[in-house]
Amino acid sequence: MSDLAIPHAEGVSNDDFRAAMSRLAAGVVLVTAHDPDDGPRGEDVGMTATAFMSVSLDPPLVLVSLRNGSRMDDLLAEVPVWAVSMLAENQRHIAGRFAMKNRVSDRLLFADLPYTRGEESGAPLMSGALAALECRTESRVVAGDHTLVVGRVLSVDGPTPEGGPLMYYQGKYRHLS
């Protein structure tokens with residue numbers, strides 16, 4: 001396989017593709033993992049994602065898409081366990097905080113947020129999320145400028161009986177009502 005990038009199909013620009021895909025509403029999740037090698041006690045890492053989906057019921061599998069070379073992509077290539085918190089509509093501030101491109105240390109991002117630590121992954125599970133999953137990586141597939149990470153669900157926290165999901169549509173966070 002060649003390392004050369006395959007050009008866009010004729011007539012498909014980045015802007016056209018981005019505009020079309022912005023019309024697809026998506027749930028918002030926070031992907032988290034614990035990096036045991038970063039400092040004396042390690043560091044928690046988080047990333048907002050909208051490219052997340054259920055893959056299989058038996059066994060329970062989910063998929064998240066990570067930008068190649070991102071901190072989360074690099075970390076999940078090394079650390080096999082991670083977590084996903086499905087954000088509620090009142091957790092827009094969490095999504096925005098972890099979606100910033102030029103941001104401060106992850107340690108500071110988690111500082112004032114309520115969370116529990118997953119028993120399987122050691123990763124933060126956001127308090128107030130609609131549900132949280134702990135996962136172990138089953139496979140990784142490079143797809144263009146992203147890596148698709150398939151994870152086996154090891155545990156489920158929730159779902160909570162109240163609240164609606166945080167959604168992302170046309171470049172903005174939204175809620176169902």
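Note on Leu154: it clusters hydrophobically with Val31, by side-chain heavy-atom contacts below 4.5 Å among ILVMFWY residues. Under a hydrophobic clustering in which Ile, Leu, Val, Met, Phe, Trp and Tyr are joined whenever their side-chain heavy atoms come within less than 4.5 Å, directly or via other members, Leu113 and Val28 fall into the same cluster. Placement of Leu148 and Leu61 within a single hydrophobic cluster is found when ILVMFWY residues are connected by side-chain heavy-atom separations under 4.5 Å, directly or transitively. Transitive grouping of hydrophobic side chains (ILVMFWY, heavy atoms separated by less than 4.5 Å) keeps Leu63 and Val29 in distinct clusters.
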### Message
With side-chain contact (heavy atoms from CB on, under 4.5 Å) as the criterion, how do Met126 and Tyr115 come out once you've worked through the C-alpha distance, each side chain's angles and the decisive distance to 0.1 Å?
### Response
CA-CA 4 Å; Met126 291 296 107; Tyr115 65 87; 3.6 Å; yes
### Criterion side-chain contact (heavy atoms from CB on, under 4.5 Å) on Asp73 and Arg67, from CA distance to verdict
CA-CA 7 Å; Asp73 179 41; Arg67 185 177 42 79; over 6 Å; no
### Task
Check the pair Val55 / Val62 against side-chain contact (heavy atoms from CB on, under 4.5 Å), numbers first and verdict last.
CA-CA 5 Å; Val55 173; Val62 294; 5.5 Å; no
### From CA spacing to verdict: side-chain contact (heavy atoms from CB on, under 4.5 Å), Glu134, Leu125
CA-CA 9 Å; Glu134 289 186 274; Leu125 307 175; 4.2 Å; yes
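Ser56 places a side-chain N or O within 3.5 Å of a backbone atom of Asp58 that can act as its donor or acceptor partner. Of the possible donor and acceptor atoms, one in the side chain of Arg97 sits under 3.5 Å from a partner among the backbone N and O of Leu109. The backbone N or O of Gly122 lies less than 3.5 Å from a partner atom in the side chain of Arg117, making a donor-acceptor pair. Remark: the backbone N or O of Pro124 is paired with a side-chain donor or acceptor of Thr32 at under 3.5 angstrom.
For Phe52, there are no ring-ring contact (aromatic ring centres under 6.0 Å, His included) partners two or more places apart in sequence or in a different chain.
Between the CD atom of Gln91 and the OG atom of Ser127 there is a distance of 8.5 Å, given to the nearest 0.5 Å. Atom CG of Leu66 is separated from atom CG of Leu75 by 10.0 Å, given to the nearest 0.5 angstrom. Atoms CD and NE2, on Glu43 and His34 in that order, are 9.0 Å from each other to the nearest 0.5 Å. If you take NE2 on His93 and CG on Asp112, they are separated by 7.5 Å, rounding to the nearest 0.5 Å. Atom CD of residue Glu89 and atom CG of residue Leu130 lie 8.0 Å apart, to the nearest 0.5 angstrom. Expressed to the nearest 0.5 Å, how far CG of Leu76 lies from CG of Asp35 amounts to 10.0 Å.
Residues Val149 and Met72 are not in side-chain contact: their nearest non-hydrogen atoms beyond the backbone lie 4.5 Å or more apart. Under the 4.5 Å side-chain criterion, counting only non-hydrogen atoms from C-beta, Tyr173 is not in contact with Leu87. You'll find the side chain of Cys135 reaches within 4.5 Å of the side chain of Trp82, heavy atoms only.
In terms of heavy-atom proximity, Val81 sits nearest to Ala33 at O-CB, 4.3 Å.
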